[in-house]
Chemist: 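I have a structure here, written as structure tokens, and I will follow up with some questions on it.
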Protein chains: 2
Amino acid sequence: MARISDVAARAGVSTATVSRALNGKSTVDRELVARVQKAADELGYQPNGPARNLRRQEAAVVALIISDVENPFFTAIARGVEDVAHEVGYSVVLCNSDESAEKENRYIDIAIQERVAGVILSPTATTSSVGKLADRGTAFVAVDRPLPSQESDVVLVDTRLAARQATAHLVAQGYERIGCITGPVGVRTADDWLAGYRDALKSAKRRSTTKLVRRTEYKATGAYRAAVELLGQVEPPDALLIANSAMAVGVLRALQEHGIRPGRDVGLVAFDDAPWAELVDPPLSVVAQPAYEIGTVAARLLLARITDNTRPPSTTTLGARLIERGSSRR
Amino acid sequence: MARISDVAARAGVSTATVSRALNGKSTVDRELVARVQKAADELGYQPNGPARNLRRQEAAVVALIISDVENPFFTAIARGVEDVAHEVGYSVVLCNSDESAEKENRYIDIAIQERVAGVILSPTATTSSVGKLADRGTAFVAVDRPLPSQESDVVLVDTRLAARQATAHLVAQGYERIGCITGPVGVRTADDWLAGYRDALKSAKRRSTTKLVRRTEYKATGAYRAAVELLGQVEPPDALLIANSAMAVGVLRALQEHGIRPGRDVGLVAFDDAPWAELVDPPLSVVAQPAYEIGTVAARLLLARITDNTRPPSTTTLGARLIERGSSRR
DNA sequence: GTGAAAGCGCTAACAA
DNA sequence: TTGTTAGCGCTTTCAC
């Protein structure tokens, strides 16, 4: 594979000049730049990244570690991050931690080893691996969930408020026994969803009971089981608040099997808008998260922190938007 | 950040011994290995990736370049690739080419620059950038679509057969005027889908007419427009074959707006199973692709090719499975 | 079984 | 403006 010295030889200049020319340093003669460029093209020269990164002590790469590649919420964040990062010449590598603290830890190690410029991650519950990033002075930003034990920039959605509004909406629609299905204990977003639900019940002077609450992994099957349990009780809920769209799939499946019609029999509001939400019958009411925007904001914060890692940690909270559709109207 | 020489000093050995110990070379004394490991842990030593890769002339990383991160088909492939790669100590970085030849080209350049061990990609239509990989001897495998102008390992689904079976099913159900919505001209999978559709019509002694065919990008909005057009004709189709699940969303939306009921009024079969396919009313008939398996097979081929790049190119074709649901029954 | 030392390809400090 | 050269941190001969 062609090296910088090959280009230098072909262009009849030194390797330093090639480096300067190819990296757009102003201090190179116009004509030489052209000659170098030509030589590089002819040889199909691609700079050796490891050598460059070794020398520069940093790679123009940001790592994005998300907890579920199959969740559209996170892939939308990824798009936001990519768009901003590419504008300023950074590449984005996507890593899937799959809600596993071990995989997250592994990817953090890789990010450190590869000396990436920064890391954006949606931390898993038990995370302590990010401490390593802080120790080494690698810039990082948390999205979707704050870090349990670490000060950092973080971009959140006001999940608690979103759940509160969604619940209040169900109350206003006349539902009496509102249940809640949310994520695992310890996942901040899941806790907030529950807290917002309780806030709203309290405001409405309703008693909240643990009989109507289920916590499970953020997947369709967990939510399916939770829904079956809830609906099998002597006093089943007449409405459900669901913490993400994968879970909504599970709940809808359970209702379908039990011949229960959303809206009329059981009011439904889910977190996250999904492309199919309007296609089910009746259409699913949702609280839409500004996922793409989370990504762009996080990327900008990261870039700022790469430039200056001494800036004080900031928290950005974005709002979610309730979209009322048929599943929450009798 | 701690370097290998720091570890060496702390353990009272040479850097060579640290390197050998940490990389599990057999030729190091047991006791020394322990001492080195201890020193490394105490210092929180993380090897410098660029330095290592520069020296080794290769990174234990495979790049996976997919054409749409928001498409569940591709994220499922990603999981398959990850699972196999991790087993043998390779990391996977995911890159989103977004169906753009330019982005694909950019990511291929990055992969080359970073000296990754191999590349798996779903090539965009106009791709010629992969030639660079071949030129440099970087191992690569194509998934979902073959490369237009390049011999390589490739893992495909028998799209043509899948479309043929789906169409035959619609014929058997008594639909008379079957239309087809598929992807852009030049995308092999899209062409195959159309070819299979025509095969089946021919076998059934039906005339196929371009009036019932629409080609558009693999997105909901494109398919929406296509469906509106098709259904607005004087002799509209009474069944539709749809080339992926995002497109199915667009088509279902169009039918909904026109008050047309799937199954009864217009038979429907889509490519790709989606989690929500059973939730719409009536449930959507689909041809399910073995996406995860495509990923595992591709990863294994890539690993084999990393080991021996002289092996002859192979083509693996996996079958798809027709799942009949309500949308294709009158 | 272990250490000394060369060198991977690049960039940047310094010299001219 | 351009060239010379040191050195980033690691792995791997080669010598002992």
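Only this structure's heavy atoms are used, side chains among them; waters, hydrogens and symmetry mates stay out. None of the values given here were measured: they were computed from a predicted structure.
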Chemist: Mind calculating the distance between CG (A/N53) and C1' (C/dG9) to the nearest angstrom?
Modeler: 12 Å

Chemist: Check the distance between D/dG9's C1' and B/L43's CG and give it to me in whole angstrom.
Modeler: 15 Å

Chemist: Between P on D/dT1 and CD on A/E31, what's the gap in Å once rounded to a whole number?
Modeler: 14 Å

Chemist: Assess whether one donor atom and one acceptor atom, taken from the side chain of B/R20 and the base of C/dG3, lie less than 3.5 Å apart.
Modeler: yes

Chemist: From the list C/dG1, D/dG3, C/dG3, which nucleotide is the closest neighbour of the side chain of A/V13?
Modeler: D/dG3

Chemist: Is the phosphate of C/dT2, meaning OP1 or OP2, less than 4.0 Å from a side-chain N or O of B/S14?
Modeler: no

Chemist: Is the phosphate of D/dG9 approached by B/Y45 (side-chain N or O, under 4.0 Å from OP1 or OP2)?
Modeler: no

Chemist: To the side chain of B/A16, which of C/dG3, D/dC10, D/dC8 is closest?
Modeler: C/dG3

Chemist: Is it the case that B/T124 and B/E104 place a side-chain donor and acceptor less than 3.5 Å from each other?
Modeler: yes

Chemist: Kindly say if A/N23 contacts the phosphate of C/dT11, meaning a side-chain N or O under 4.0 Å from OP1 or OP2.
Modeler: yes

Chemist: What's the closest nucleotide to the A/T15 side chain, out of D/dT5, D/dT11, D/dT2?
Modeler: D/dT5

Chemist: Judged by each residue's nearest nucleotide on DNA chain C, which is more toward the 5′ side, B/D29 or A/S19?
Modeler: B/D29

Chemist: Between atom CD1 in B/I4 and atom P in D/dT11, what is the gap in whole Å?
Modeler: 5 Å

Chemist: How many Å lie between CD on A/Q113 and P on D/dG9, as a whole number?
Modeler: 15 Å

Chemist: Which of the following nucleotides, C/dA12, D/dC10, D/dG3, is nearest to the side chain of A/R55?
Modeler: C/dA12

Chemist: Within a 6.0 Å radius of atom CD on A/E102, are there more than 12 heavy atoms belonging to other residues, nucleotides or ligands?
Modeler: no

Chemist: Does C/dG9 have OP1 or OP2 under 4.0 Å away from a side-chain N or O of B/Q57?
Modeler: yes

Chemist: Could you tell me how far apart B/Q46 (CD) and D/dC10 (P) are, to the nearest whole angstrom?
Modeler: 11 Å

Chemist: For A/P50, answer base if it contacts any base atom (sugar-phosphate contacts may also be present), sugar-phosphate if it contacts only those atoms, and nothing otherwise; contact means non-hydrogen atoms under 4.0 Å.
Modeler: nothing

Chemist: Consider the side chain of B/T17, meaning its heavy atoms from C-beta on, and name the nucleotide among C/dC10, D/dG3, C/dT2 that approaches it most closely.
Modeler: C/dT2

Chemist: Taking the basic N atoms (NZ, or NE/NH1/NH2) and the acidic carboxylate oxygens, is any pair closer than 4.0 Å for A/D144 and A/R188?
Modeler: no

Chemist: Scan side-chain atoms only and decide if B/D98 and B/S100 contain a donor-acceptor pair under the 3.5 Å cut-off.
Modeler: no

Chemist: Nearest whole Å is fine: how far is C/dG9 C1' from A/L22 CG?
Modeler: 14 Å

Chemist: Tell me: CZ of B/R52 to P of D/dT11, nearest whole Å?
Modeler: 5 Å

Chemist: Under the 3.5 angstrom rule, does the side chain of A/D6 hit a backbone N or O of A/R3 as a donor-acceptor pair?
Modeler: yes

